[in-house]
Engineer: 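This is the structure I have questions about; it appears just below.
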Amino acid sequence: MVTDESSCNSYDYGDAAYWDARYVQDAEMGNFDWYQRYSDLRPFVRMYMPSYSSRVLMVGCGNALMSEDMVKDGYKDIVNIDISFVVIDMMRRKCKYIPQLKYMQMDVRDMSFFPDESFDSIIDKGTLDSLMCGSDARISAPRMLGEVSRLLKPGGIYMMITYGDPNIRMPHLNRPAYNWQIVLYVIPRPGFEKTNGSSSVMRSPLEPVPFTEEGLIPPNFVMDDPDSHFIYVCKKMDESELSSLSPYSLNDNLS
């Protein structure tokens, strides 16, 4: 199975001890949002999670502001989990007066505390990336994704924000057992601007990226920002939907 070994350093990002130590060390640095801020992700969240009453699970929440920003935007029920007890304790104390937010220490590879089909939506901003850099990535990734699929209601959305392109991520996401219809978006890094010498018009991040039959980005597709982030929107389908779709259908609207 494909892993992210070429883009990882020697840290074990799947280990709770690493994150506990990191959050203790960085306690005075304040909140940190991996990859993208909510202001940039809001159009995608609103498109695929239109109901403010949706029950949302934020996996690997860390001390990011995204859940708080979603509450300000109107969302009413967000459960936040992280493997680090240190950061969960910090966030519980910080957000104790925000009833829409719940914080629980939990490993995404074992979320058996929650029954099947517990959530309308699950958001992952860098958590699978962390596991893919861990020492047991080949075991951890399918465990996490299997749990994510189990917890989603039929029609539910798993939204993953990642640096992993389809060569690395699709072998993990496109397993028949998950029953996911996958749509891919490419979003430039925050603050990215085209060089003055470029004459091409930047494409809209809200325009889905086509897949080849192999589930990869077409070779002639050019990203405005070569270090863009990828947003995979995975809809959990029921049996009737599965029978009518091809494995890499990107042209069907998710509804």
Side-chain angles (χ1 to χ4, degrees), residues 1-4 41 44-51 53-60 75 77-79 81 106-132 137-162 164-186 206 208-217 229-255:
M1 182 171 290
V2 181
T3 63
D4 285 3
L41 297 174
F44 300 96
V45 174
R46 296 297 299 125
M47 184 190 312
Y48 289 105
M49 306 172 198
S51 173
S53 61
S54 295
R55 192 176 192 218
V56 180
L57 176 64
M58 188 76 65
V59 294
Y75 289 91
D77 187 1
I78 304 175
V79 179
I81 68 168
M106 192 176 297
D107 189 329
V108 293
R109 293 165 289 194
D110 180 8
M111 297 185 281
S112 53
F113 176 86
F114 301 118
D116 295 356
E117 301 180 3
S118 291
F119 295 93
D120 300 290
S121 306
I122 297 177
I123 299 176
D124 165 11
K125 194 143 66 82
T127 300
L128 183 64
D129 291 356
S130 294
L131 292 183
M132 294 282 284
R138 298 175 189 275
I139 299 173
S140 294
R143 281 183 177 173
M144 171 186 166
L145 294 175
E147 282 289 83
V148 167
S149 178
R150 180 183 69 81
L151 293 182
L152 278 179
K153 298 177 182 178
I157 294 294
Y158 169 47
M159 182 177 293
M160 179 175 67
I161 300 91
T162 171
D165 68 35
N167 288 290
I168 302 296
R169 291 293 174 265
M170 284 302 290
H172 297 273
L173 297 175
N174 198 48
R175 291 187 167 192
Y178 302 150
N179 295 348
W180 288 342
Q181 179 190 3
I182 304 170
V183 176
L184 174 66
Y185 298 90
V186 174
L206 293 173
V209 176
F211 281 143
T212 66
E213 291 184 1
E214 294 75 26
L216 304 177
I217 295 177
H229 296 130
F230 298 87
I231 300 176
Y232 295 84
V233 179
C234 308
K235 176 184 176 181
K236 184 176 181 179
M237 298 179 291
D238 58 31
E239 294 300 325
S240 62
E241 290 175 306
L242 280 171
S243 63
S244 63
L245 289 173
S246 61
Y248 300 109
S249 176
L250 257 280
N251 297 321
D252 298 289
N253 292 326
L254 296 184
S255 58

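Numbers for residues simply follow the sequence, beginning at 1.
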Engineer: Side chains of I217 and V209: closer than 4.5 Å at any heavy-atom pair?
Structural biologist: yes

Engineer: Minimum heavy-atom separation for I81 to L57, with atom names?
Structural biologist: CG2-CD1, 3.9 Å

Engineer: Does any non-hydrogen side-chain atom of D124 lie less than 4.5 Å from one of M58?
Structural biologist: no

Engineer: Please check: side-chain N/O of S118 versus main-chain N/O of P115, any donor-acceptor pairing under 3.5 Å?
Structural biologist: yes

Engineer: Roughly how far, to the nearest 0.5 Å, is the CG atom of L152 from the OG atom of S121?
Structural biologist: 7.5 Å

Engineer: What pair of heavy atoms forms the shortest contact from L151 to F114, and how long is it?
Structural biologist: CD2-CB, 3.6 Å

Engineer: Measuring from H229:NE2 to K125:NZ, what's the distance to the nearest 0.5 Å?
Structural biologist: 9.5 Å

Engineer: Between R55 and Y75, does the side chain to side chain donor-acceptor pair (under 3.5 Å) criterion hold? Intermediate values first, please.
Structural biologist: CA-CA 9 Å; R55 192 176 192 218; Y75 289 91; over 6 Å; no

Engineer: Quick check against the 3.5 Å criterion: does S54 have a side-chain atom that pairs as donor or acceptor with the backbone of S51?
Structural biologist: yes

Engineer: Indicate yes or no for a side-chain donor-acceptor contact from S140 to the backbone of L131 under 3.5 Å, with no hydrogens or angles considered.
Structural biologist: no

Engineer: Please walk me through it: do D129 and R169 pass salt bridge (Lys or Arg N to Asp or Glu O under 4.0 Å)?
Structural biologist: CA-CA 9 Å; D129 291 356; R169 291 293 174 265; 2.6 Å; yes

Engineer: Do the two ring centres, one from F230 and one from Y185, sit under 6.0 Å apart?
Structural biologist: no

Engineer: Closest approach of S112 and E147, non-hydrogen atoms and distance?
Structural biologist: N-OE2, 3.5 Å

Engineer: What distance do H172 atom NE2 and M144 atom CE have between them, rounded to the nearest 0.5 Å?
Structural biologist: 11.5 Å

Engineer: Would you sort out whether M159 and Y232 count as a side-chain contact (heavy atoms from CB on, under 4.5 Å), showing the intermediate values?
Structural biologist: CA-CA 6 Å; M159 182 177 293; Y232 295 84; over 6 Å; no

Engineer: Could you tell me whether D120 and K236 have a side-chain N and a carboxylate O separated by less than 4.0 Å?
Structural biologist: no

Engineer: If I compare all heavy atoms of R150 with all of D116, which pair ends up nearest, and what's the gap?
Structural biologist: NH1-OD1, 2.8 Å

Engineer: Considering non-hydrogen atoms only, spot the tightest contact between P208 and V183 and give its length.
Structural biologist: CB-CG1, 3.9 Å

Engineer: Could you grab the distance from atom CG of D77 to atom OG of S53, nearest 0.5 Å is fine?
Structural biologist: 9.0 Å

Engineer: Take the angle between the ring planes of Y158 and W180 and call it parallel below 30°, perpendicular above 60°, tilted in between.
Structural biologist: tilted

Engineer: Does S130 reach the main-chain N or O of G126 with its side chain, forming a donor-acceptor pair under 3.5 Å?
Structural biologist: yes

Engineer: Is it the case that over 12 heavy atoms from other parts of the model lie below 6.0 angstrom from the CZ atom of R143?
Structural biologist: no

Engineer: Check V148 against I122 and note the closest heavy-atom contact, atom names and distance.
Structural biologist: O-CD1, 3.6 Å

Engineer: So L216 and F211, do their side chains get closer than 4.5 Å, heavy atoms only?
Structural biologist: no

Engineer: Using 0.5 Å steps for rounding, measure from the CG atom of L173 to the CD1 atom of I182.
Structural biologist: 5.0 Å

Engineer: May I ask you to test the M106-F113 pair for a side-chain heavy-atom distance under 4.5 Å?
Structural biologist: yes

Engineer: Working to the nearest 0.5 Å, report the span between CE of M160 and CD1 of I123.
Structural biologist: 13.0 Å

Engineer: Kindly indicate, with the supporting measurements, whether the criterion side-chain contact (heavy atoms from CB on, under 4.5 Å) is fulfilled by V108 and L128.
Structural biologist: CA-CA 9 Å; V108 293; L128 183 64; over 6 Å; no

Engineer: Please examine the side chains of R175 and P142, heavy atoms only from C-beta on, and report whether any two atoms are closer than 4.5 Å.
Structural biologist: yes

